[in-house]
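One structure is given below, encoded as C-alpha cells.
Counting starts at 1 for both ligands and their atoms, following the listed order. Numbering starts at 1 and runs along the sequence shown.
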Amino acid sequence: MSTPPLDPHNFNQIARYNALMDVVRNRMTNRAFAPFTVPRDHFELILEAARHAPSGANAQPWHYIVVTDPAAKETIGQCFVDEQQRRAKLRMGFPTPNYNGVKTAPGLIVVLADFRFVRAFPVLNDGSELDRLYHQNAERILLQSVAASTMSAHLAAVALGYAVWWITAIGQDDIQRQIKPLLGVPDELAIIDVMCFGPPAKPSYKRWKKPLNQIMSWDRFNPDCRMSVEQLDDWIKTMRHKVMYRDESKID
Ligand SMILES: Cc1cc2nc3c(=O)[nH]c(=O)nc-3n(C[C@H](O)[C@H](O)[C@H](O)COP(=O)(O)O)c2cc1C
C-alpha cells in the first residue's frame with residue numbers, strides 16, 4: 001500500500017503514525033520472561049518484518065536461527081552467564097545484567113551476519129591503506145544493515161505483545177566457537193547478537209530517553225549538544241547504571 005507523505009490534517013495518517021509510535025514507545029527491554037510457548041507462526045511473522053529491512057546494496061547480509069531446543073537455549077544462556085563473569089573478573093566496570101533469563105526465554109533467535117558482503121560495498125580489495133579504510137566503512141554499512149533488520153523483528157515482536165531483549169554480549173571468539181557447532185552455523189558467518197522475547201515475568205519499565213532537543217539540530221549541529229570527554233566520563237560514572245536499570249520516572 002502506498003500513501004502520500006504525512007499530512008498533519010489527515011486523520012488516517014496520524015492514526016497510522018500513532019499506531020506505529022505505540023509499538024515504538026512500548027518496545028522496552030525486559031530480561032526475564034514468563035513461561036510460554038511461542039507459536040511457530042509468530043516466529044515467521046517476526047522474521048517477515050526482518051525480511052523487509054533496507055540494507056546497503058540490498059545485500060540482506062543476515063540470517064536468523066530460531067532456537068526451540070531447551071538444551072540449546074540452556075547452553076547459549078550459560079555462555080552469556082560465563083561471559084558476564086569473565087567481564088567481572090577483568091574489572092570492566094560495566095553494570096552487567098543477569099543473563100540466566102536467556103536460558104528459558106520463550107523466544108530465542110540467533111542473528112547471523114555474513115561479513116563477506118563487505119565486498120558488495122565500495123572497496124578496492126587490493127590490501128592498501130585506502131582499501132582498509134573503505135573496508136572499515138563497509139563493515140559499518142553491514143552492521144547498520146543487520147541492525148535495521150533486527151530492529152524490525154523487535155518491533156514486530158512488540159506489536160504481537162511480547163517483551164524483547166537485544167543481546168550483543170557475545171564476547172570474544174570462544175562463544176562463537178561454542179555456539180556455532182551447536183546450531184550448525186557455517187564458519188564464514190558471524191553470530192552478532194541474540195534476540196530474546198516472551199511475556200514479561202514482571203512488567204517492563206520505560207527507561208530514560210534523551211529529549212528531542214538533545215538529539216536534533218536544524219541546519220547546523222547545536223553546540224549545546226556537544227559533550228566533552230570529561231562530561232561523558234562523568235555520565236558513565238553517575239548516570240549510566242541509572243538509565244540502564246531504572247524506570248525513567250524514578251531517576252533523580
Ligand atoms: C545494539 C544493542 C546492543 C545491546 N546489547 C545488550 C546486551 O548485550 N545485553 C543486554 O542485557 N542488553 C543489551 N541491549 C539492551 C540495552 O541495554 C537497552 O536497549 C537499553 O538499556 C535501553 O533500554 P530500552 O531497550 O528499554 O529502551 C542492547 C541494545 C542494543 C540496541
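- Listed as neighbours of ligand 1 are R27, M28, T29, R31, P97, Y99, W165, W166, I167, T168, A169, R207, K209, each bearing a heavy atom under 4.0 Å from the ligand.
- Atom CD of residue Q85 and atom OH of residue Y99 lie 12.5 Å apart, to the nearest 0.5 angstrom.
- Applying the salt bridge (charged side-chain N to carboxylate O under 4.0 Å, His left out) test to R25 and every residue at least two apart in sequence or in another chain returns nothing.
- For F197 and F36, the distance between ring centers is not under 6.0 angstrom.
- Atoms CD and SG, on Q84 and C79 in that order, are 12.5 Å from each other to the nearest 0.5 Å.
- Seen from the ring of F121, R119 does not count as a face-on cation partner, given the 6.0 Å and 45° thresholds.
- Between E83 and R87, at least one side-chain N (NZ, or NE/NH1/NH2) sits under 4.0 Å from a carboxylate O, which counts as a salt bridge.
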